[in-house]
Number of protein chains: 2
Amino acid sequence: MKRDQRLVQSETAIVEAALKTLITNPSAAMSEIAIAADVGRATLYRHFETREVLIKALVVDCMKETEIALKGIEHLKGRAAFEAIFDLLMPLADRYQFMAGIWSQVQNDKDLVKIEAGWKKDMQALVKQTKKRGEINRDIPSEWIVAVFDSTFAAAWVLVSSGDLSPSDAARYAKQTFFSGCAG
Amino acid sequence: MKRDQRLVQSETAIVEAALKTLITNPSAAMSEIAIAADVGRATLYRHFETREVLIKALVVDCMKETEIALKGIEHLKGRAAFEAIFDLLMPLADRYQFMAGIWSQVQNDKDLVKIEAGWKKDMQALVKQTKKRGEINRDIPSEWIVAVFDSTFAAAWVLVSSGDLSPSDAARYAKQTFFSGCAG
DNA sequence: TTGACATGGGACATAGGTGTATCAAAACCG
DNA sequence: CGGTTTTGATACACCTATGTCCCATGTCAA
């Protein structure tokens, strides 16, 4: 017995519309999302009990995509790891635009905060490793490096989302800028 | 006849509290702001007719401070101009944290959008000028340069606001990172 | 001191968003 | 086809934030 086609159709429509809507307006109402998904408001609530549940589901989706994308780069070290991250994550620009905008509404969710904290920790470890390899200037504080990495990504995502740059071009510029900026 | 001391006292308390409150939570309610200012909600509305008016007033204040800070650097060109901007604007980190967070609530205000558009235009002109002087790599698109400039600032502001970096240290790192990143 | 004025607190109407319940119509699966 | 399930629309109660109004209280300036 197959799953009713209407269910999957509604759900994918909702997820896509919610993502797009919440990127442009992180505090968009459920009714706006329903309209964008071309779905009744009641149906929206049938699929996601509350607004909170919907948002968490979207964030979890994005995080899963990230971890899938990053699968198999554990063996890379230092600069090569950084470059792989730029390449692999740049196509997910819109997902990160969404996460960045919605984050303040999610800061009370222990699960998500914990995952984010883990990422930050991994990042700091990678920075230290790269410093040891001499690919990043040891005199620059790691906090600054991490902050610059994040903000370089953000800059690239904005230009990708707005269509000014392709993901691959953006990744190239981001890598160049980041390493030139942090090497010397 | 002097202006009633109570008026100025309330107003400064409101402005300061509103700024601080809206930095941490850009969608804070008027009641929260009133409590933070240690002022009755009614008094808050006596000074600022609506929430919209309050926010616009705060943004205008920040913009004025910016233009005052930048007064007298028109004669500087290229890299020197960029460095002056970093130095002069870094102490205003909290103001920019506020502006960045509140901006989506202000995008319908023609006045503010116009001012912001003017700044962007000036920025692009400065980038082109600096490229001509050979202080920025001509092969990097100006859009990317501007985006990196903005995001470098944002990174620095976050670290300054969180107390991890002093404004002067932040400005130093930001200048170093930005020019190393964009020169080669 | 005194008249004018700002304030705090509370009551109030309004608007908009959230989440629930119901029902007839439509689409699906077998 | 026929029973089941999903759907859209609507009505509903609830809550929260906004903005207005009023009045007793306390403070200011002349």
Side-chain angles (χ1 to χ4, degrees), chain A residues 1-59 98 101-109 112, chain B residues 1-59 98 101-109 112:
Chain A
M1 62 178 189
K2 264 180 9 188
R3 190 164 169 225
D4 195 320
Q5 193 182 322
R6 288 169 294 177
L7 280 175
V8 306
Q9 207 280 331
S10 293
E11 187 149 332
T12 60
I14 289 172
V15 169
E16 282 176 27
L19 209 62
K20 191 182 296 183
T21 304
L22 291 171
I23 285 174
T24 48
N25 176 18
S27 56
M30 293 293 265
S31 56
E32 288 181 63
I33 297 172
I35 292 171
D38 196 28
V39 143
R41 202 168 62 91
T43 301
L44 177 49
Y45 276 101
R46 282 185 199 105
H47 285 262
F48 299 94
E49 295 94 326
T50 68
R51 177 193 168 81
E52 207 181 339
V53 167
L54 169 63
I55 290 180
K56 175 161 180 175
L58 292 173
V59 172
F98 164 71
I102 217 74
W103 193 247
S104 64
Q105 297 174 41
V106 160
Q107 281 179 334
N108 296 324
D109 188 297
L112 303 182
Chain B
M1 60 177 191
K2 263 177 17 182
R3 190 164 170 227
D4 196 321
Q5 192 182 323
R6 290 168 293 178
L7 280 175
V8 306
Q9 207 279 331
S10 293
E11 186 149 332
T12 60
I14 288 172
V15 169
E16 283 176 25
L19 208 62
K20 191 181 295 183
T21 304
L22 290 171
I23 284 175
T24 48
N25 176 18
S27 56
M30 293 294 266
S31 56
E32 289 181 62
I33 296 172
I35 291 172
D38 196 28
V39 144
R41 203 168 61 91
T43 301
L44 178 49
Y45 276 101
R46 281 185 200 105
H47 285 262
F48 299 94
E49 295 94 326
T50 69
R51 177 194 168 81
E52 209 182 336
V53 168
L54 169 62
I55 289 179
K56 175 161 180 175
L58 292 173
V59 172
F98 163 71
I102 217 73
W103 193 248
S104 64
Q105 297 173 41
V106 159
Q107 281 179 334
N108 296 324
D109 189 298
L112 302 182

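So that the names make sense, note that chain A is the first sequence line, chain B the second, and so on, each numbered from 1.
- Looking at Ile102(A) and Leu58(A), their side chains never come closer than 4.5 Å, going by heavy atoms from C-beta outward.
- Along DNA chain D, the nucleotide nearest to Asp4(B) and the one nearest to Ala29(B) differ in position, and the one closer to the 5' end is contacted by Ala29(B).
- Counting only heavy atoms from C-beta outward, the side chains of Asn25(B) and Ser27(B) approach each other to under 4.5 Å.
- Taking atom CZ on Phe48(A) and atom P on dG19(C), their separation rounds to 14 Å, with Å as the unit.
- In this model, the phosphate group of dT6(D) is not approached by any side-chain N or O of His47(A) to a distance below 4.0 Å at OP1 or OP2.
- The two residues Trp103(B) and Leu112(B) come nearest to each other via the heavy atoms CH2-O, 3.8 Å.
- Surrounding NZ of Lys20(A) are at most 12 heavy atoms belonging to other residues, nucleotides or ligands under 6.0 Å away.
- Distance check, rounded to the nearest 0.5 Å: CG of Leu54(B) to CD1 of Ile33(B) gives 5.5 Å.
- Defining each end axis of the helix from dT1(C)-dA30(D) to dG30(C)-dC1(D) as the rotation carrying four pairs' C1' atoms onto the next four, with five pairs an end, the two axes are found to diverge by 40° to 10 degrees.
- Each of dG8(C), dC29(C), dG8(D) was ranked by its minimum atom distance to the side chain of Ala42(A); first place goes to dG8(D).
- A donor-acceptor contact under 3.5 Å links the side chain of Arg46(B) to the base of dG8(C).
- For a distance-only test at 3.5 Å, the side chain of Arg41(A) fails to qualify as a donor-acceptor partner of the base of dG17(C).
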Donor-acceptor contacts, no H, no angles, side chain residues 37-49 of chain A, under 3.5 Å, sequence neighbours left out:
residue: Thr43(A); atom: OG1; partner: Arg46(A); partner atom: NH1; Å: 3.3
residue: His47(A); atom: ND1; partner: Glu11(A); partner atom: OE1; Å: 3.3

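- Side-chain atoms of Tyr45(B) lie closest to dT18(D) of the nucleotides dT18(C), dG8(D), dT18(D).
- Atom CD in Gln105(A) sits roughly 13 Å away from atom C1' in dG17(C) (whole-Å rounding).
- Of the side-chain N and O atoms in Arg6(B), none sit less than 4.0 angstrom from OP1 or OP2 of dT7(C).
- The side chain of Ser10(A) contributes an N or O atom lying less than 4.0 Å from OP1 or OP2 of dT7(D).
- Between Met30(A) and Thr50(A) the shortest heavy-atom distance is CE-C, 4.1 Å.
- One interatomic measurement links the two molecules: CG of Leu44(B) to P of dG19(D), which rounds to 10 Å at whole-angstrom precision.
- Which of dA29(D), dT18(C), dG19(D) sits closest to the side chain of Arg51(A) comes down to dT18(C).
- Summarising the geometry, the separation between CE on Met30(A) and C1' on dA9(D) is reported as 17 Å, rounded to the nearest angstrom.
- For the pair Gln5(A) CD and dT7(D) C1', the computed distance is 14 Å after rounding to whole Å.
- dG8(D) atom P lies 8 Å from atom CD1 of Ile14(A), rounded to whole Å.
- Between Leu7(B) atom CG and dC28(D) atom P the separation is 11 Å, expressed in whole Å.
- The interatomic distance linking Glu49(B) (CD) with dG19(D) (P) rounds to 10 Å, in whole Å.
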